[in-house]
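Owing to the predicted nature of the structure, the values given are computational and were not obtained by experimental measurement.
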Amino acid sequence: MTVDPAARVAELRAQIAHHNERYFAMDAPEISDADFDLLVRELTELEAAHPELAVADSPTQTVGASATFAPVEHEIPMMSLDKAFNTDEFDNWHTRLVRAAGEGRELGSFVCELKFDGLAISARYENGTLVRAATRGDGRVGEDVTANVATIANVPKQLGSDAPAILEVRGEVYMPISDFNALNDARREAGEQLYANPRNTAAGSLRQKDASVTASRNLRWFAYQLGQVEGAPTLTRHSETFEYLDSLGFPVNDQVKVVESADAVKAYFADAEARRHEFDYETDGAVAKIDSLAMQRDLGVTSHHPRWAIAFKFQPEEKSTKLIDIQVSIGGKGKATPFAVLEPVFVGGSTVQMATLHNEDQVKVKNIRPGDTVLVRKAGDVIPEVLGPVLSERAPDLPEWTFPTHCSCENHHPLSRSEGDAAHYCLHPTCPIQRDAWIEHFAARAAMDIEGFGERTVQLFTAQGLLSDIAGVYELDFEAVGQIEGFGEISVRNLETSIEASKGQGLGRLLIGLNIRHLGNSGAHVLAKAFGHLDKIIEADLETLASVDGVGPTIAESLRAYFDDEINLGIIERLRAAGVDFNGPEVIEVDQTLEGLAIVVSGGLENFSRDSVKDAITSRGGKSPGSVSKKTTALVVGESPGASKVTKAEELGVPIIDEAAFVELLETGVVPPG
DNA sequence: ACACCTCGAGTTCT
DNA sequence: CTCGAGGTGT
């Protein structure tokens with residue numbers, strides 16, 4: 001193929017800049033992360049191969065976070081705060097603290113503050129001069145954004161002559177809501193795409209290679225905490241830091257309040273929540289800190305949070321919006337799932353325009369109809385959920401919604417719902433939507449994990465007739481792929497490499513990719529381990545299959561039906577011919593320390609990936625279910641664990657342990673005390 | 001037959 | 001995250 005590298009580089013830069021803007025600033029990505037990475041990787045490699053084409057402001061220098069900004073290690077880590085989602089959780093925190101403070105010792109007063117929805121920043125001054133500003137990053141290492149922060153109007157660049165030798169000030173950078181709205185008004189008039197929300201816009205504005213862009217946006221910050229300090233007057237109370245910061249010329253928020261009791265803290269929280277929309281900045285909660293610095297020191301920190309502070313999260317916001325339509329998506333196994341198409345509404349920190357409705361009955365239970373005004377919120381702060389209609393706003397003649405009788409694909413196959421089933425299915429084996437979903441599923445991370453083979457790529461390939469089933473992935477005509485726009489020499493080679501690598505993923509992942517009804521992650525790996533080779537499973541009778549622990553009559557039946565199907569067997573033979581590994585995992589001898597135990601993991605750990613942690617547990621004879629129950633031996637929490645799991649574990653008295661204790665548990669099979 | 005745990009699938013947005 | 005449904009033990 002003869003493509004002019006200079007032209008391709010220019011094209012890639014334009015594409016990357018466009019998608020970068022969509023992703024970071026507008027909150028509306030058009031392509032998947034994997035596809036985006038492919039573009040960046042191709043550009044990086046082209047620039048490496050043609051150094052004369054590399055330029056300083058190339059997107060390869062500015063995307064991917066760490067590429068642009070030098071890492072900065074925080075002398076004192078910027079820890080995140082423990083969270084309470086309701087007053088009960090706050091009471092629990094308070095009770096723990098009273099106990100930790102010790103007999104007859106008062107916790108003293110609390111400082112209440114708002115929790116700003118912006119970017120946490122640490123600014124370091126040496127002998128009164130701003131020398132460095134860094135983002136929070138992972139808490140230990142952030143990014144150097146000094147040039148950008150220096151353009152923020154109310155960040156002091158130079159302190160008075162009484163400034164200490166070293167002063168590290170922590171605060172939150174934000175964009176005032178009024179400025180955000182003005183910016184969007186201007187963009188609307190110019191016909192430009194609107195920014196999604198103040199927080200993302202502030203983040204995008206700050207993380208600019210060109211600091212003059214940052215300067216053109218009206219960013220502000222509030223200072224609220226000291227980090228490393230040398231040569232400053234000794235403070236005894238956290239509330240004094242606000243007075244001190246103010247005296248040095250730092251902007252501090254005017255809603256800070258010192259109160260004397262836990263009840264007064266709760267009153268502050270309730271008041272802040274009620275008034276949250278009065279402020280010209282976004283808040284997502286309020287914070288209480290123990291005022292006495294001596295008491296803070298004594299209470300200390302856990303591996304993730306200071307014990308002396310807690311963030312109270314405001315209730316998830318509910319907004320009303322228009323239910324434009326109810327549409328149906330078709331999954332890889334033909335399942336038809338209705339979802340709400342909403343007039344875009346900003347709720348709980350992001351713009352929502354879709355929400356799943358699960359099935360026909362759920363639509364009935366919720367009593368919603370296209371055209372209704374509906375209430376929307378974020379379940380668990382993440383997943384959009386339609387709560388129900390605002391009946392007072394329903395037009396009297398608004399018709400009820402009925403489940404479509406036919407698949408939305410071009411062949412309009414019939415959809416059917418069997419007796420006793422909640423879901424509708426499109427059972428047609430040649431449905432193109434199902435076909436695409438299956439191939440996507442096959443390439444997905446839990447299955448064959450083929451990088452760069454996402455939704456967009458699959459649809460492109462099937463539409464071009466390059467691919468019609470999963471075995472086709474290994475029969476791809478790469479010459480033809482190279483002809484498709486957007487597939488340069490390098491991205492074709494990368495794709496070829498990752499497809500080749502996927503052949504060795506092993507039986508467990510292959511079984512997942514085969515798309516067998518009722519067989520998911522867990523069942524697939526159990527079978528792979530029990531049988532050791534795909535042919536043994538294909539030959540096994542119902543009884544043998546169902547005798548495997550975790551496989552019952554339904555899954556056994558489903559397996560038999562799958563492997564009795566000539567079409568499926570044909571696909572499997574083509575996979576074999578392509579050299580796909582049909583072997584199960586090698587059984588490595590590890591001490592079965594966790595026999596009979598169930599360990600749930602939530603949040604990211606430092607020394608384990610999501611997969612490796614499950615492996616560490618199951619290879620030692622333990623189970624690693626996805627949710628906490630009273631049978632759970634322990635809940636391991638890492639960085640930002642799921643709140644519901646922690647709450648559940650607390651309710652049931654399941655021990656909650658950190659990574660270090662988990663490692664000990666792996667070795668000993670005993671939950672360490674503490 | 002039932003309760004309780006688990007698992008699977010579809011889903012949203014960063 | 002939520003719903004629905006399979007698996008297992010009582």
Side-chain angles (χ1 to χ4, degrees), chain A residues 19-20 22-30 32-33 36 65 196-197 199-200 203-204 316 327-342 344-363 365-366 376-387 417-418 420-425 433-434 437-438 440-441 444 446-447 455 511-512 515-526 545-559 598 600 602 614 623-632 640 642-645 648 652:
Chain A
H19 292 304
N20 221 15
R22 302 278 313 180
Y23 183 91
F24 283 107
M26 292 173 194
D27 197 21
E30 288 168 344
S32 73
D33 288 359
F36 180 77
N197 61 62
R199 203 200 80 88
N200 283 9
Q327 294 181 4
V328 169
S329 74
I330 307 290
K333 294 182 171 79
K335 192 173 176 186
T337 309
F339 63 94
V341 180
L342 304 162
V345 58
F346 187 71
V347 56
S350 61
T351 304
V352 170
Q353 48 191 342
M354 268 189 263
T356 182
L357 297 171
H358 302 291
N359 58 46
E360 182 179 27
D361 293 345
Q362 282 295 309
V363 177
V365 167
K366 291 200 159 124
V376 177
R377 73 160 177 203
K378 291 278 194 71
D381 244 11
V382 185
I383 312 281
E385 180 184 13
V386 174
L387 293 165
R417 177 177 177 182
S418 325
D421 249 2
H424 284 72
Y425 282 88
I433 300 182
Q434 274 185 70
W438 182 10
E440 275 166 53
H441 169 76
E455 185 177 340
L511 283 169
I512 296 171
N515 203 32
I516 302 166
R517 180 104 106 110
H518 300 132
L519 192 72
N521 205 325
S522 167
H525 287 291
V526 166
L545 291 168
S547 70
V548 175
D549 194 22
V551 178
T554 314
I555 294 180
E557 196 89 50
S558 174
L559 285 162
V600 179
S602 182
K614 284 214 165 202
K623 287 189 175 175
S624 176
S627 59
V628 176
S629 72
K630 65 183 174 194
K631 285 193 183 170
T632 307
S640 54
S644 63
K645 285 186 192 146
K648 193 85 184 276
L652 298 171

Heavy atoms only, 4.0 Å cut-off, all strands: where does A:K623 land among base, sugar-phosphate and nothing?
nothing

Using a cut-off of 4.0 Å on non-hydrogen atoms, how would the nucleic acid contact of A:Q353 be classed: base, sugar-phosphate, or nothing?
sugar-phosphate

Using a 3.5 Å distance criterion without hydrogens, assess whether the side chain of [X] forms a donor-acceptor pair with backbone atoms of [Y].
X: A:D361; Y: A:A422; value: no
X: A:H441; Y: A:I512; value: yes
X: A:T351; Y: A:V345; value: no
X: A:R417; Y: A:D421; value: yes

Given B:dT12, B:dC7, B:dA9, which nucleotide is nearest the side-chain atoms of A:P384?
B:dT12

Closest to the side chain of A:P553, out of B:dC7, C:dG7, B:dG10, is C:dG7

Interface polar pairs with nucleotides 3-5 of chain C, N/O, under 3.5 angstrom:
| unit_1 | atom_1 | unit_2 | atom_2 | d |
| --- | --- | --- | --- | --- |
| C:dG4 | OP1 | A:N359 | ND2 | 2.8 |
| C:dA5 | OP1 | A:D421 | OD1 | 3.4 |
| C:dA5 | OP1 | A:A422 | N | 2.9 |

Of A:I516 and A:K631, the one whose closest nucleotide on DNA chain B sits nearer the 5' end is A:K631

Can you sort out the partners of A:S629 under side chain to side chain contact (heavy atoms under 4.5 Å, CB included), two or more places apart, ordered by chain and number?
A:K631, A:T632

Test side-chain contact (heavy atoms from CB on, under 4.5 Å), reference A:L357, set A:V363, A:V328, A:V365, A:T337, output is A:V363

